[in-house]
Amino acid sequence: MKNFYLIVLLICSCAQNDSFSKLDFDNSFDNAQPYLSSDNLSASISWISSNKDKAILNFSHFIENQWTDPMLLSSGKNWFVNWADFPAHAINDNLILSSYLKKSDSGTYNYDIYLNLIDLNGNIVKENFLLHNDGLKAEHGFVSIVSNENTGFYVSWLDGRNTIVKHSDGSHKPMTIRFAEVTKDGDIINENEIDSETCDCCQTSIISSKEGPIIVYRDRSKDEIRDIYIARNINGVWTNPKPVFNDGWVINGCPVNGPKVDVNLSNLAVAWFTVVDGKPYTRLAFSNNYGETFDHPINLNDNDAIGRVDVAFLDNKQVIVSYMEFDGDSAFLKVKKVSIDGKVSKPFIVSKIDAGRNTGVPQLEIINNDVYLAWTTSEDGINSLKTRKIKSNSI
């Protein structure tokens, strides 16, 4: 059987090749669902290689200007592999915590969240253990993971354990968002329900601040308003969730388009997609008090927004935001630099991009003023990954 090479291409802002790294895969596999993370020293990426029989979760570090050889985090059959609901990972010290989704029965969206904890040398600490303990055949997914201030991790996810219960009118109860900590030994502690009524299938986002973990997600009201909400853990107590901004987007279904949050000192930045008066927007809002209050949001898109955002602080006064939008008849992945005083750069076009599901949700991280991005491309029916590195002073 022939092999093909997934070429991860790193390109500097002047369009010259910065370096190359080859990842060797069997051509019966699709390679997609990238997730970028950083440990303040280097970037890392995980992704799924899958075919109809098997799925493999891979991991690679970007060290000394090249990707390390792929390391297997987990593999198996009967996984739930989806463009929007993809594995997450984070590094804390020498430990990697990663997630994947596995079907719990034949129901279309009945799947569970499994975790693996290994060290950077590939030694297993704890493998294939469930994040949630409800034991119900329901949807569990849209995981976010971040390292905490010790040697463990914070995790958030959407949880469907209540959806199997029906209201008196026959309708199902909504999805919830939950939180837990995972220790360095793989113990799951301090699990909490954060919000009892959320949007069904938008990605969640979590950060670790000096005040504690902070989660942003798409909420759902009884009137089907699906705006972006924030919940904060202050001195060990979760605050009541509240909107980052009242967009007032009424939609009778999930837009599958979640927010992202990042923190620097006491400053928070939240990026998200919404629709106002029938017009799509990519928005960004800053807070200077750990999310207690937010400034009025800034609209970032110049054309029809697609969203699928990410955001990261470049320094304590500005962020880089990635987003997708239509520009004429084509879609593009773009980035902008935005300062906390509201100054917005011109758009930097990262790549022309497919607006469909195969593209997945592009990822962004910043290390030492270099901006790293990753997304999925598809050629001749085969999915592969592409990454790009951009010098921040070129944006």
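Of the N and O atoms on the side chains of Ser196 and Asn162, not one donor lies less than 3.5 Å from an acceptor on the other residue. Side-chain contact annotation: Ser50 with Asp30, donor-acceptor N/O pair under 3.5 Å absent. In summary, the side chains of Asp195 and Tyr217 do present a donor paired with an acceptor at a separation below 3.5 Å, with no hydrogens or angles considered. Under 3.5 Å, the side chains of Asn92 and Thr151 contain no donor-acceptor pair of N or O atoms. For the residue pair Asp85 / Tyr111, a side-chain donor-acceptor distance below 3.5 Å is found, with atom types taken as modelled. Side chains of Lys184 and Asn150: a donor-acceptor N/O pair is absent below 3.5 angstrom, by distance only.
Checked for salt-bridge contact, Asp134 and Arg178 miss the test: no charged N lies under 4.0 Å from a carboxylate O. Here Asp247 pairs with Arg283 in a salt bridge; the nearest charged N to carboxylate O distance falls below 4.0 Å. Classification of Asp159 and Arg161 as a salt-bridged pair holds, one side-chain N sitting under 4.0 Å from a carboxylate O. One finds a salt bridge joining Lys391 and Asp370 here, because a Lys/Arg side-chain nitrogen approaches an Asp/Glu carboxylate oxygen to under 4.0 Å.
For the atom pair OG (Ser351) and CG (Asp354), the distance works out to 10.5 Å, reported to the nearest 0.5 Å.
Surrounding CG of Asn316 are more than 12 heavy atoms belonging to other residues, nucleotides or ligands, all under 6.0 Å away. Remark: Asn123 CG is packed, more than 12 non-hydrogen atoms of other residues, nucleotides or ligands lying under 6.0 Å away.
Ring geometry for Phe86 versus Tyr35: interplanar angle of 30 to 60°, hence tilted. The aromatic rings of Tyr100 and Trp79 sit parallel, their planes meeting at an angle under 30°, below the 60° perpendicular limit.
Tested against Leu97 for a side-chain contact (heavy atoms from CB on, under 4.5 Å), the candidates Val155, Val125, Asn116 yield a single pass: Val155. Exactly one residue among Lys334, Lys337, Glu325 makes a side-chain contact (heavy atoms from CB on, under 4.5 Å) with Pro347. That residue is Lys334.
In this structure Arg226 satisfies the salt bridge (Lys or Arg N to Asp or Glu O under 4.0 Å) test together with Asp200, Glu224, sequence neighbours excluded.
Residues Trp375 and Arg308 have side chains not in contact (no heavy-atom distance under 4.5 Å, counting atoms from C-beta outward). Between Leu158 and Ile177, some side-chain heavy-atom pair lies under the 4.5 Å cut-off.
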Evaluate the side-chain contact (heavy atoms from CB on, under 4.5 Å) criterion for residues His61 and Leu120: first the C-alpha distance (whole Å), next the side-chain angles of each, then the deciding distance (0.1 Å), finally the verdict. CA-CA 9 Å; His61 237 148; Leu120 287 170; 3.9 Å; yes
Check the pair Ser74 / Asn128 against side-chain hydrogen bond (donor to acceptor under 3.5 Å, both in side chains), numbers first and verdict last. CA-CA 8 Å; Ser74 54; Asn128 300 322; 5.2 Å; no
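Tyr281 belongs to a hydrophobic cluster whose other members, connected by ILVMFWY side-chain contacts under 4.5 Å either directly or through intermediates, are Val276.
When ring centroids are compared, Trp272 and Phe245 stay outside the 6.0 Å threshold.
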